[in-house]
Amino acid sequence: MGKEVTIGVRPEDLYDTAEHLELYKDSKAKAKVAVRENLGAEIYLYTDFNGAQLTARVDPESKTQVGDEVELSFNPAKIHVFGNETGKAIE
């Protein structure tokens, strides 16, 4: 009890589509886009979320640009929790 943890979400588990924002409406984060990397079949958005970096792999049709504030949602079942003391995943 009372131990600090780090939460992780894989880039492919962060979404910016209206469908996912509605589906996971209780699991959202607003972040500012620092870098937009277009890789053809996918786009990586490197964002700042309250001083922490969130990387989202989004659909190639995404219109989000550098400097935009983007709302990202995630499936809470897909988060990963790590103990700060050990760095190991907590099951």
Side-chain angles (χ1 to χ4, degrees):
M1 247 165 80
K3 300 201 180 213
E4 290 190 19
V5 298
T6 297
I7 304 276
V9 181
R10 291 192 172 105
E12 60 269 21
D13 295 326
L14 287 167
Y15 314 102
D16 69 343
T17 63
E19 174 187 352
H20 285 99
L21 289 168
E22 178 59 29
L23 184 61
Y24 302 118
K25 59 185 164 196
D26 294 329
S27 303
K28 296 182 194 176
K30 285 187 180 179
K32 186 168 185 172
V33 178
V35 176
R36 180 183 195 269
E37 185 177 19
N38 188 343
L39 300 175
E42 58 198 14
I43 295 171
Y44 278 83
L45 301 176
Y46 301 92
T47 69
D48 177 61
F49 171 70
N50 296 332
Q53 182 179 328
L54 282 179
T55 303
R57 186 178 79 186
V58 298
D59 188 274
E61 302 298 317
S62 176
K63 304 295 185 215
T64 304
Q65 297 296 319
V66 171
D68 289 352
E69 184 174 84
V70 64
E71 190 168 37
L72 300 169
S73 64
F74 60 93
N75 178 346
K78 299 278 188 166
I79 66 169
H80 304 275
V81 181
F82 301 90
N84 284 3
E85 288 181 14
T86 65
K88 294 184 179 181
I90 297 171
E91 302 287 325

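All of these numbers come straight from a predicted model, not from anything done at the bench.
Within the structure, salt bridge (charged side-chain N to carboxylate O under 4.0 Å, His left out) contacts touching residues 31-60 (residues at least two apart or in different chains) are Glu42-Arg57. Every pair tested for salt bridge (charged side-chain N to carboxylate O under 4.0 Å, His left out) that includes a residue from residues 4-17 fails, sequence neighbours excluded, so the list is empty. Applying the salt bridge (charged side-chain N to carboxylate O under 4.0 Å, His left out) test to every pair with at least one member in residues 61-70, sequence neighbours left out, gives no pairs at all.
In this structure, Asn38 and Gly40 approach most closely via the heavy-atom pair OD1-N, 2.9 Å. For the pair Ile43 and Pro60, the tightest heavy-atom approach, listed with the atom from each and the gap, is CD1-O, 3.6 Å.
Taking hydrophobic clusters as Ile, Leu, Val, Met, Phe, Trp and Tyr residues chained together by side-chain heavy-atom distances below 4.5 Å, Phe74 does not share a cluster with Leu23.
Within the hydrophobic cluster formed by Ile, Leu, Val, Met, Phe, Trp and Tyr side chains joined at under 4.5 Å, directly or through other members, Phe82 stands alone, with no partner residue. In the hydrophobic clustering (ILVMFWY side chains linked at under 4.5 Å, chained through shared members), Tyr44 is joined by Val35, Leu39, Tyr46.
Looking only at side-chain heavy atoms (C-beta outward), Val70 and Thr47 come within less than 4.5 Å of each other. Within the 4.5 Å cutoff, the side chain of Tyr15 has no heavy atoms near those of the Leu72 side chain.
The side chain to side chain contact (heavy atoms under 4.5 Å, CB included) test applied to Ile90 returns Val5, Val81, not counting sequence neighbours. Taking the salt bridge (charged side-chain N to carboxylate O under 4.0 Å, His left out) definition, one finds that Lys25 meets it with Glu22, sequence neighbours left out. Judged as a salt bridge (charged side-chain N to carboxylate O under 4.0 Å, His left out), and not counting sequence neighbours, the contacts of Glu85 are Lys3. For Pro76, the side chain to side chain contact (heavy atoms under 4.5 Å, CB included) partners two or more places apart in sequence, or in a different chain, are Tyr24, Ser27. Residues meeting the side chain to side chain donor-acceptor pair (under 3.5 Å) test with Asn84, sequence neighbours left out: Thr6. With sequence neighbours left out, the side chain to side chain donor-acceptor pair (under 3.5 Å) criterion links Gln53 to Thr55.
Put simply, CG on Leu45 and OG1 on Thr64 are 5.5 Å apart, with the number rounded to the nearest 0.5 Å. Atoms OG and CG, from Ser73 and Leu21 in turn, are 4.5 Å apart once rounded to the nearest 0.5 Å.
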